[in-house]
Protein chains: 2
Amino acid sequence: MLLTPEQLRRHFQERGLKFTSQRYAIYRALAGSTEHPSVEDLYSTVKASYPTLSMNTVYNTLESLKEIGIASEISLWHDKARFDANQASHHHLVCLRCKKIEDLYDDTLDRLALSPKAKHRYRITGHRVEFHGYCSRCKPKMNKPQKRR
Amino acid sequence: MLLTPEQLRRHFQERGLKFTSQRYAIYRALAGSTEHPSVEDLYSTVKASYPTLSMNTVYNTLESLKEIGIASEISLWHDKARFDANQASHHHLVCLRCKKIEDLYDDTLDRLALSPKAKHRYRITGHRVEFHGYCSRCKPKMNKPQKRR
DNA sequence: TCCTAAATAAGAATAATTACTATTTACCAC
DNA sequence: GTGGTAAATAGTAATTATTCTTATTTAGGA
């Protein structure tokens with residue numbers, strides 16, 4: 001369900017953000033794709049109709065869409081690779097603000113399986129559950145985003 | 001359970017890789033941490049005892065540890081941020097080789113909950129299950145890693 | 001002990017993201 | 001509708017993570 005320009009305008013305005021045609025075009029490109037596009041993907045798609053579009057506008061618009069709750073970023077730690085030597089089956093509890101990652105051991109989660117239909121197309125090597133939220137330290141500051149480390 | 005130098009040496013040698021003191025130090029720094037460290041974190045930790053250590057060596061060692069199956073990278077798309085405007089509850093099926101991400105709808109997965117103990121420390125806003133594997137196109141090429149796009 | 005292929009270190013190159021600044025534009029008050 | 005103002009845009013520069021290149025060193029087998 002694609003939002004109409006008027007619906008999207010309302011969302012923006014409720015947050016005191018301005019609604020622009022670039023923003024609607026970027027929204028449309030994102031919502032019309034099931035490819036989980038990157039910034040570059042969106043930029044080149046929208047650039048076709050807005051030749052002067054800048055990357056900055058794409059980044060900026062995505063931030064706003066996230067703020068509004070209309071889009072989300074599925075790559076939580078894209079800014080830096082993170083490693084783990086713990087090869088025991090486990091899952092993660094991630095603080096959305098400070099990016100701390102806690103380990104989570106849970107048999108039920110270990111045993112999750114894919115539906116047979118999907119299973120036969122993919123060769124599954126594992127799975128991982130990520131719970132997202134705010135740790136005790138960040139809970140009080142949920143709405144104050146943290147700057148780069 | 002930290003591997004001894006000799007155990008780790010064996011792992012390296014089985015793959016035709018050389019065992020160096022830098023590699024053991026990096027392994028120790030990684031395995032001794034529950035912080036899911038970044039490359040930079042490991043670099044500065046190990047640099048204390050190996051002042052000439054280079055970033056390259058850290059990257060290189062982490063690649064080898066992944067190859068051996070002793071470490072893993074928890075940030076799957078760290079190279080590029082990826083976005084999604086689908087706010088319906090869903091999960092992901094990720095191809096480890098071509099990085100394609102398919103959506104997965106599954107009520108059982110939607111209903112997962114955290115243990116009460118963990119729940120009271122964190123303020124959970126959601127969760128996501130990621131199945132990892134190889135898509136039908138990449139299945140035959142599982143062992144041929146793909147270069148950067 | 002010697003040889004050779006692989007690892008290291010140091011620095012340059014690349015790619016994604018963020019910051020900066022002048023110009024333009026949305027939208028509110030009138 | 002007009003004008004004022006704060007925010008958005010575009011273009012460019014700066015920053016940061018990662019990869020590449022090359023000369024030197026070293027592990028491990030002969």
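Every chain is numbered from 1, with letters handed out A, B, ... down the list of sequences. This is a predicted model, so every value here is computed, not measured.
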Test item: B/Asp41 side-chain N/O and B/Ser38 main-chain N/O as donor-acceptor pair under 3.5 Å: yes
Could you give the CG-to-C1' distance, from A/Asn56 to C/dT17, as a whole number of Å? 10 Å
Side chain of A/Asn60 only, heavy atoms from C-beta on: which candidate in D/dA10, C/dT8, D/dT9 is closest? D/dT9
Nearest to the side chain of B/Arg23, which nucleotide is it out of D/dA10, D/dG28, C/dT8? C/dT8
Look at B/Ser54 and C/dT8 and indicate whether a side-chain polar atom (N or O) is within less than 4.0 Å of OP1 or OP2. no
Expressed as a whole number of angstroms, how long is the span from B/Leu62:CG to C/dA7:C1'? 15 Å
Take atom CG of A/Leu8 and atom P of D/dA8, then tell me their distance rounded to the nearest Å. 13 Å
Would you call the rings of B/His127 and A/Phe131 parallel, tilted or perpendicular, taking 30° and 60° as the class edges? tilted
Checking side-chain contact (heavy atoms from CB on, under 4.5 Å) between A/Arg23 and each of A/Leu17, A/Val58, A/Leu8, A/Leu62, which is the one that passes? A/Leu17
A/Phe19 has a side chain; which of C/dC27, C/dA7, D/dA8 sits nearest to it? C/dC27
Let me know, please, whether A/Leu17 or B/Ser21 comes out on the 5' side of the other along DNA chain D by nearest nucleotide. A/Leu17
Phosphate oxygens OP1/OP2 of D/dG28: is one of them under 4.0 Å from a side-chain N or O of B/Gln13? yes
Under 4.0 Å between any heavy atoms, over every strand shown, what does B/Gln22 touch: base, sugar-phosphate, or nothing? Just pick one. sugar-phosphate
Report the residue (B/Ser64 or A/Glu40) whose heavy-atom-nearest nucleotide on DNA chain C is the more 5′ of the two. B/Ser64
Between C/dA9, D/dA10, D/dT26, which nucleotide has the shortest distance from any of its atoms to the side chain of A/Thr57? D/dA10
Nearest-Å distance for atom pair CZ/C1', residues B/Arg10 and D/dA27: 17 Å
Which nucleotide, C/dA16, D/dT9, D/dA17, lies nearest any side-chain atom of B/Tyr59? D/dA17
Return yes if some donor-acceptor pair links the side-chain N/O of B/Gln13 with the main-chain N/O of B/Arg10 below 3.5 Å, else return no. no
Rounded to whole angstroms, how far apart are OH on B/Tyr43 and P on C/dT8? 14 Å
Round to the nearest Å and state the distance from B/Arg9 atom CZ to C/dA7 atom C1'. 14 Å
When only distance counts, do a donor and an acceptor, one from the side chain of B/Lys80 and one from the base of C/dA15, lie under 3.5 Å apart? no
Quick one: B/Leu42 CG to D/dA17 C1', roughly how many Å, whole number? 14 Å
Indicate whether OP1 or OP2 belonging to C/dT8 is found under 4.0 Å from a side-chain N or O atom of B/Thr20. yes
To the nearest angstrom, how far is A/Lys18 atom NZ from D/dG4 atom P? 15 Å
Expected output: side-chain A/Tyr27 to main-chain A/Leu3 donor-acceptor under 3.5 Å: yes
